[in-house]
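Worksheet for the structure shown next.
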Amino acid sequence: MFQTFENRADPSTGASRLAALRAQMTKENLSGFLVPRADVHQGEYCAPRDERLAWLTGFTGSAGFSAVLKNTAGVFIDGRYRTQVKEQVDLAVFTPVPWPEITLQGWLAEQLPEGGVIGYDTWLHTAEEIETLEKELTTKGFTFRPVTNLVDQIWPDQPAPPQGKITPYPEALAGESHASKRARIAAGLRADGHSAAVITLPDSIAWLLNIRGSDIPRNPVPHAFAILFENGHVSLFVDSAKLDDSLRAHLGDDVNIRPPSAFVPTLHSLQGQVQVDRKTAPLRVAHELTDSHATVDWSDDPCILPKARKSDAEIAGTQEAHLRDAASMVEFLTWFDDQAPGTITEIDVVTALEGFRRANNALLDISFETIAGTGPHGAIMHYRVTEETNATLKEGQLIVVDSGGQYLDGTTDITRTLPIGDVGMEEKTAFTRVLQGMIAISRLRFPKGLAGRDLDAIARYPLWLAGQDFNHGTGHGVGVYLCVHEGPQRLSRVSHTELEPGMILSNEPGYYREGAFGIRIENLIVTQEASPLAGADAREMLDFLTLTYVPIDRRLIRTEMLTSGERDWLNLYHAACRDNISPRVSEAARVWLVASTEPV
């Protein structure tokens, strides 16, 4: 099994660890200390060594941070985790803070006396984060002081850094050699007058060099730093133990392998204008460059957008991965419908689904830990079942199953909400509204130049009409055998990145009734140029191609609520599911698939 079910959150340790941290703060003469969920690479996903926020507070979500002061300690979480955090932290010593509705700077200004000194680790914060805080709070007498990480000083059994092997990624699946990528990105550096670019995001380095790693569970990326020079050469700072002769041969002479200890000295040696991403690079990089003869030029990571615009080969590989994964999902759903209410648990669901994915003989890992939340657990958006929380699926409940696979040719992410026996009209009504939002995005045509913030509301409109909403974005970017959460593209009110052909996104509206049930329906889609329409304006339009082909449970749909256009889309989608997946599944699953895709 890739997934395990141990309880990683222990609220009982929070008070003692918080006291130890405050003792270190006193030694450093600090009024506060910031504990982000971040590592030196500023990726979303952390190795066990870097799970400082979870170790201190018990909170295991994929986003959040803590601000520890002498008399209070806030745990800042967004809308996805407001139920989860209350179950994972000791509420007697940690206070959940709704973020970004309450900003860190606003909270600090209210909680700290004037003249407070806040410590932070320059490797774990971006320049954008610290500059925002300093701009708003130094005028009120606050000071921000770089310090050696205080959590590391009190963590006696902190794990060692990961040492995962790095492997070449096939050029046939990437669609472009890494020499071509390096030359293409370097040409952009020269055009902008940059001598080099510092790259800190693991998935950017993996994409640029056509490599994959194993330092982060579920995400095939290497821990490394890289400097891309204007001539297309790269210095790669990585532990040599992760490399073998085949990887060195793949990289070639234009990629210089250096130990991680050489990264800072190399920064000191740079000259000219050096491109650094204010939003993703650790602030420490800029601090070290001030000791060189270089000038920091704050620009986006040069790999971010090229990585997001998938090549034809990447899209073709992703389509095949989704068809393979859909066949596994259909086998799972066939099995699920054979289980009587009250006979299986959430862990049984997770175990069965992973088993069906493993049976396709191509699964390399799951793309994230499967969310299988029944009843009230379905309202916890990123619920992770443990042996302690494992619930039996009961008559009349819903279960949200959000899962995905990592395959060499693509990364999948799919959510289906399933009924356990007969469910109530309230649940069916909410499910249908969520479905209408998902269909609206799937059918959408939109002018080129729009961003995720311009489209997000379309998925919410059916819920808004009923005074309902959901506290997460409608969709996130997805990599190709890389991170299941990939920026900068998103379907979200906070996303300003223009959508372009080749960008893969999730389409996953939902609805959550705390203490009762949750609903989410998710397909992956890829942005493409829209086909011309007779009588249309002469303007460039985009639309979405659906990648996911797994039936949506018709037993939860109030068909009388659907418009004729929505019914037509659903029936065509189900016909495509049947046609594409039938040849790939067992006879029993084929019978289930035909019955489950009958027109509504």
Side-chain angles (χ1 to χ4, degrees), residues 21 24-25 28-44 46 50 52-53 56-57 63-70 72-78 97 99-153 197-201 204 225 263-264 267-268 274-292 294-301 304 487-488 494 496:
L21 179 58
Q24 290 298 117
M25 289 165 48
E28 297 277 353
N29 293 318
L30 296 173
S31 311
F33 184 70
L34 304 181
V35 184
R37 188 187 185 279
D39 61 20
V40 299
H41 304 284
Q42 291 297 315
E44 179 180 353
C46 295
D50 300 306
R52 297 174 181 87
L53 181 65
L56 177 68
T57 68
F65 57 92
S66 180
V68 177
L69 309 182
K70 291 180 179 179
T72 188
V75 180
F76 291 71
I77 38 50
D78 63 30
V97 180
W99 174 85
E101 293 89 337
I102 296 178
T103 64
L104 175 58
Q105 51 268 37
W107 186 84
L108 288 173
E110 182 177 311
Q111 299 291 335
L112 259 184
E114 190 168 322
V117 180
I118 301 106
Y120 68 97
D121 183 342
T122 54
W123 282 111
L124 302 185
H125 295 271
T126 66
E128 185 173 75
E129 291 171 346
I130 298 302
E131 287 178 7
T132 298
L133 291 172
E134 289 181 331
K135 179 180 179 181
E136 298 200 20
L137 293 177
T138 52
T139 57
K140 298 181 180 180
F142 296 109
T143 302
F144 290 85
R145 181 197 301 168
V147 296
T148 302
N149 197 286
L150 302 189
V151 173
D152 292 355
Q153 296 177 38
V198 179
I199 303 172
T200 62
L201 287 176
S204 288
F225 289 116
F263 180 54
V264 169
L267 292 176
H268 293 169
V274 176
Q275 184 170 335
V276 182
D277 192 334
R278 186 190 302 273
K279 298 186 294 295
T280 65
L283 178 58
R284 185 64 169 268
V285 169
H287 284 183
E288 298 296 346
L289 284 171
T290 61
D291 294 332
S292 72
T295 301
V296 175
D297 186 77
W298 297 112
S299 303
D300 290 342
D301 177 330
I304 284 283
V494 300
H496 297 259

Spacing of Asp277 atom CG and Trp298 atom CH2 [to the nearest 0.5 Å]: 8.5 Å
Qualifying side chain to side chain donor-acceptor pair (under 3.5 Å) pairs with a residue from residues 104-115, counting only residues at least two apart or across chains: Gln105-Glu136
Validation row: Leu201, Phe225 side chains within 4.5 angstrom (heavy atoms): no
Separation between OG1 of Thr280 and CD1 of Ile304, rounded to the nearest 0.5 Å: 6.0 Å
Counterpart residues, side-chain hydrogen bond (donor to acceptor under 3.5 Å, both in side chains), relative to Ser299 (two or more places apart): Asp297
For the student: nearest non-hydrogen atoms of Leu137 and Ala109, plus distance: CD2-CB, 3.9 Å
Those residues that, when tested against Asp300, pass side-chain hydrogen bond (donor to acceptor under 3.5 Å, both in side chains) (two or more places apart): Lys279
Contacts of type ring pair (Phe, Tyr, Trp, His ring centres under 6.0 Å), residue Phe142, not counting sequence neighbours: none
Pairing residues for Glu288 by the side chain to side chain contact (heavy atoms under 4.5 Å, CB included) criterion, not counting sequence neighbours: Val264, Leu267, His268, Arg284, Asp291
Side-chain donor/acceptor of Thr290 to backbone N/O of His287, under 3.5 Å: yes
Side chain to side chain contact (heavy atoms under 4.5 Å, CB included) evaluation trace for Leu104 with Trp99: CA-CA 8 Å; Leu104 175 58; Trp99 174 85; 5.7 Å; no
For Gln275, all residues meeting side-chain hydrogen bond (donor to acceptor under 3.5 Å, both in side chains), sequence neighbours excluded: His194
Inter- and intrachain pairs under side chain to side chain donor-acceptor pair (under 3.5 Å), touching residues 139-153, at least two apart: Gln24-Gln153, Arg52-Asp152, Asp121-Asn149, Asp152-Gln158
Asp301-Ser204 side chain donor-acceptor pair, cut-off 3.5 Å: yes
Candidate pair Val274 and Thr295, rule side chain to side chain contact (heavy atoms under 4.5 Å, CB included), full reasoning: CA-CA 6 Å; Val274 176; Thr295 301; over 6 Å; no
Rounded distance [0.5 Å steps], CG in Leu283 versus OG1 in Thr126: 8.0 Å
Spacing of CD1 belonging to Ile118 relative to CG belonging to Leu112, to within rounding of 0.5 Å: 5.0 Å
Side chains of Tyr120 and Pro146 in contact at under 4.5 Å (non-hydrogen atoms): yes
Test salt bridge (charged side-chain N to carboxylate O under 4.0 Å, His left out) applied to Glu134 - qualifying residues, sequence neighbours left out: none
Side chain to side chain contact (heavy atoms under 4.5 Å, CB included) between Val75 and Val97, intermediate numbers included: CA-CA 6 Å; Val75 180; Val97 180; over 6 Å; no
Between OG1 on residue Thr57 and CG on residue Leu53, distance to nearest 0.5 Å: 4.0 Å
Which atom of Leu150 lies closest to which atom of Met25, heavy atoms considered: CD1-CG, 3.8 Å
Residue pair Val68 / Leu56, side-chain heavy-atom distance below 4.5 Å: yes
Where Val276 and Ala281 come nearest, the two heavy atoms and their spacing: CG1-CB, 3.5 Å
Residues forming a side-chain hydrogen bond (donor to acceptor under 3.5 Å, both in side chains) with His496, sequence neighbours excluded: Arg453
Distance-only donor-acceptor pairs under 3.5 Å for side chains of residues 31-43, two or more places apart:
from  : atom 1 : to     : atom 2 : distance (Å)
Ser31 : OG     : Val117 : N      : 3.0
Arg37 : NE     : Gly61  : O      : 2.8
Arg37 : NH1    : Glu44  : O      : 2.5
Arg37 : NH1    : Ser62  : O      : 3.4
Arg37 : NH2    : Glu51  : OE2    : 3.1
Asp39 : OD1    : His41  : N      : 2.8
Asp39 : OD1    : Gln42  : N      : 2.9
Asp39 : OD2    : His223 : NE2    : 3.4
His41 : ND1    : Thr200 : O      : 3.4
His41 : ND1    : Ala224 : O      : 3.1
Gln42 : NE2    : Asp39  : O      : 3.4
Gln42 : NE2    : Leu124 : O      : 3.1

